[in-house]
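Note on naming: letters A, B, ... go to the chains in the order of the sequence lines (proteins, then strands), and numbering restarts at 1 for each one.
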Amino acid sequence: MRYWLMKTEPDVFSIDDLMRAPGRTSAWEGVRNYQARNFMRDGMKKGDRVLFYHSSTDPTAVAGTARVSREAYPDATAWQPGHEYFDRRSTPEQPVWMMVDVTFVEKFPVPVTLAELRTLPELREMMLLRKGMRLSIQPVTAAEFKAVLARARRLAKAAR
DNA sequence: GCCAACGTTGGC
DNA sequence: GCCAACGTTGGC
């Protein structure tokens with residue numbers, strides 16, 4: 001099993017939106033970056049675990065976890081003229097952009113903020129924390145995933 | 001809202 | 001194929 005981090009702006013799609021979605025499942029549409037697409041297309045397998053990251057918000061944080069519930073398939077929003085994710089290069093015959101489905105697993109009672117992630121020695125090498133890193137889909141190691149989860153548990157316990 | 005960092009585009 | 005210009009991301 002592999003581990004990933006997926007960024008989303010909560011104003012656009014949040015962990016609460018995923019929690020309330022039918023079947024607690026949603027397509028991850030709108031990825032328009034080749035590296036991110038390749039991670040979805042070539043790397044993501046059903047059952048992989050996902051850190052659900054809220055970006056462009058205050059504070060930015062890992063808000064919970066999800067799992068990959070459907071492997072890569074074409075992102076139909078790319079060939080819908082007028083759609084905000086429209087890209088004329090992509091057609092049903094030759095799709096350029098792909099997406100996966102993700103299913104809600106848990107929402108952390110206390111989000112693990114970016115500032116907090118930076119304090120964890122286990123995450124010293126984490127891709128997210130590298131300068132200039134803005135890739136919206138990133139691989140995460142098992143140890144990193146575990147460390148984030150452990151911190152979320154500890155924060156939840158302290159908040160009770 | 002600013003702006004550094006990065007990816008993409010397109011002229012040459 | 002180079003690289004300047006431009007657009008986007010995303011933390012602050």
**Request:** State which residues pass ring pair (Phe, Tyr, Trp, His ring centres under 6.0 Å) with A:Phe13; sequence neighbours excluded, sorted by chain then number.
**Result:** none
**the helix from B:dG1-C:dC12 to B:dC12-C:dG1: angle between end helix axes, five pairs per end, rounded to 10 degrees** = 10°
**Request:** Among Ile, Leu, Val, Met, Phe, Trp and Tyr joined by side-chain contacts under 4.5 Å, find the other residues sharing a cluster with A:Met99 and list them by chain and number.
**Result:** A:Tyr73
**Prompt:** Quick one: are the ring centres of A:Phe86 and A:Trp79 less than 6.0 Å apart?
**Reply:** no
**Request:** Could you tell me whether A:Arg37 contacts a base, only the sugar-phosphate backbone, or nothing, with contacts defined as non-hydrogen atoms closer than 4.0 Å?
**Result:** nothing
**Asked** Are the charged groups of A:Arg37 and A:Asp42 less than 4.0 angstrom apart, N to O?
**Response** no
**Request:** Please check if the distance between the ring centroids of A:Tyr34 and A:Trp97 is under 6.0 Å.
**Result:** yes
**Prompt:** Looking for any heavy atom pair under 4.0 Å, which part of the strands does A:Thr60 touch: base, sugar-phosphate only, or nothing?
**Reply:** sugar-phosphate
Donor-acceptor contacts under 3.5 Å from residues 20-29 of chain A side chains, at least two apart:
| from | atom 1 | to | atom 2 | distance (Å) |
| --- | --- | --- | --- | --- |
| A:Thr25 | OG1 | A:Gly23 | O | 2.8 |
| A:Thr25 | OG1 | A:Thr103 | OG1 | 2.7 |

**Request:** Using the heavy-atom set of chain A and a strict 4.0 Å cut-off, write down the first and last nucleotide of DNA chain C that makes it in, 5' to 3'.
**Result:** C:dG7 to C:dC12
**Request:** Answer yes or no: is there an ion pair linking A:Arg67 with A:Asp48, defined by an N-O contact shorter than 4.0 Å?
**Result:** no
**Prompt:** Residues in side-chain contact (heavy atoms from CB on, under 4.5 Å) with A:Pro59, at least two apart?
**Reply:** A:Thr113
